[in-house]
Amino acid sequence: MKNFLSVHDAASIDTLIERARAIKADPVAHGATGRHKTLINLFFNPSLRTRLSTEKAGTTLGFQVITMDMAGGWKLEFEDGVVMNLDRAEHVKEAAGVLSQYCDILAVRSFPALEDRAADYEDRIINAFKKYATVPVVSLESATRHPLQSLADCITIAEHRRKERPKVVLTWAPHPRQLPQAVPNSFAEWMTAWGEVDLVVANPEGFDLAPEFTAGAEVLHDQTKALRNADFVYAKNWSAYADYGATTERPDWLVDTDKLAVTNDAYFMHCLPVRRNVVVSDGVLDSNRSLVLEQANNRTWSAAAVLEALLAG
Ligand code: CP
């Protein structure tokens with residue numbers, strides 16, 4: 001694997017899942033994989049899980065890990081051909097080249113602005129690092145995708161499925177803030193590419209994800225119908241793709257125990273952070289059907305499998 005920006009970079013999802021589970025089963029045995037190698041993590045946006053799990057994955061494999069917060073004032077220019085006489089100190093061409101001198105793998109987190117759909121869906125920041133870095137680049141969540149989260153979600157489903165081909169429902173849920181589409185885009189893309197689950201996406205009218213991410217899934221605007229006989233229910237809010245960045249108040253889409261009564265005793269999933277009793281009720285989150293901490297745990301092993309595959313080339 002040369003880079004890890006989307007599911008399209010993964011030669012085999014099953015192999016990544018197998019490698020993640022093998023490292024998870026015996027982390028100490030993999031401590032020499034990244035010896036004398038350096039991983040640099042660049043964060044243009046804040047993180048709890050992605051930052052700590054990727055650092056833990058790197059150190060578990062023996063990497064030296066350096067994390068830099070880019071939101072703190074070091075401003076990069078991403079436009080080509082501009083006169084750089086304002087506040088951006090350095091062009092990504094030099095920055096990516098310089099960082100490539102200091103590391104063997106470069107990982108980047110950058111969120112969308114949610115103002116201009118075309119600009120966000122160019123995924124300019126992560127693609128600029130891919131273009132100008134001379135080392136493999138990993139997405140720690142970009143404007144359009146969150147592949148390390150999606151791989152962790154695949155691992156979690158593989159560990160908990162009770163039938164060969166479970167029904168997985170990705171349901172939109174309410175949230176007080178405007179959120180990106182990266183997690184649901186990526187989850188839908190990985191589930192359909194994996195091909196081992198039946199994916200149903202449920203969201204209010206006007207909140208369909210971009211069709212290229214949900215191709216192969218059933219898209220419904222009736223949450224109760226979608227949840228029927230589900231084996232896994234993955235809740236997530238996202239802002240609109242069509243009326244780009246628009247939000248809506250729909251408290252009736254909150255996931256609670258009554259909603260889950262029509263499922264096949266489904267497991268509940270969420271990437272976290274989650275707003276309790278806005279997105280999902282305490283009753284669901286605190287129940288033995290909740291896999292949210294398993295998902296967070298699997299972020300480490302997902303990142304470890306990806307770092308290992310990138311070193312292998
Ligand atoms: N799920 C996830 O990416 O969490 P963070 O934003 O804390 O990294």
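Ligands are counted one by one from 1 in listed order, and the atoms in each one are counted from 1 as well. Predicted model, so just to flag it, every value in this text is computed and none were measured.
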_Nearest-neighbour protein heavy atom for atom 6 (O) of ligand 1, which is reported as residue plus atom name and distance_ = Arg109 NH1, 3.0 Å

*Of all the non-hydrogen atoms in the protein, which one sits nearest to atom 1 (N) of ligand 1, and at what distance?*
Leu272 O, 2.9 Å

*asked:* Quick check with a 6.0 Å cut-off and a 45 degree axis cone: is Arg161 positioned over the face of Phe232's six-membered ring?
replied: no

*N or O contact, Leu48 vs ligand 1, cut-off under 3.5 Å*: yes

*Are Asp9 and Lys2 within salt-bridge range, i.e. N to O under 4.0 Å?*
no

*Name the orientation class of the two ring planes belonging to Phe129 and Phe44 (parallel below 30°, tilted from 30 to 60°, perpendicular beyond 60°).*
tilted

*asked:* We want to know whether Asp123 and Thr144 form a side-chain donor-acceptor pair, criterion being a heavy-atom distance below 3.5 angstrom.
replied: yes

*Should the pair Phe268 and His270 be assigned to parallel (<30°), tilted (30 to 60°) or perpendicular (>60°) ring geometry?*
parallel

*Arg299 neighbourhood, listing ligand 1 atoms whose heavy-atom distance to it stays under 4.0 Å*: 1 (N), 2 (C), 3 (O)

_If we set the cut-off at 4.0 Å for heavy atoms, which region of Gln295 has an atom near ligand 1: side chain, backbone, both, or neither?_
neither

_Just to confirm my output: which protein heavy-atom neighbour is closest to atom 3 (O) of ligand 1, and how far is it?_
His146 NE2, 2.8 Å

*Minimum-distance protein heavy atom relative to atom 4 (O) of ligand 1*: Arg49 NE, 2.9 Å

*Please confirm whether the backbone N or O of Lys167 pairs with a side-chain atom of Asp231, one donor and one acceptor, at under 3.5 Å?*
yes

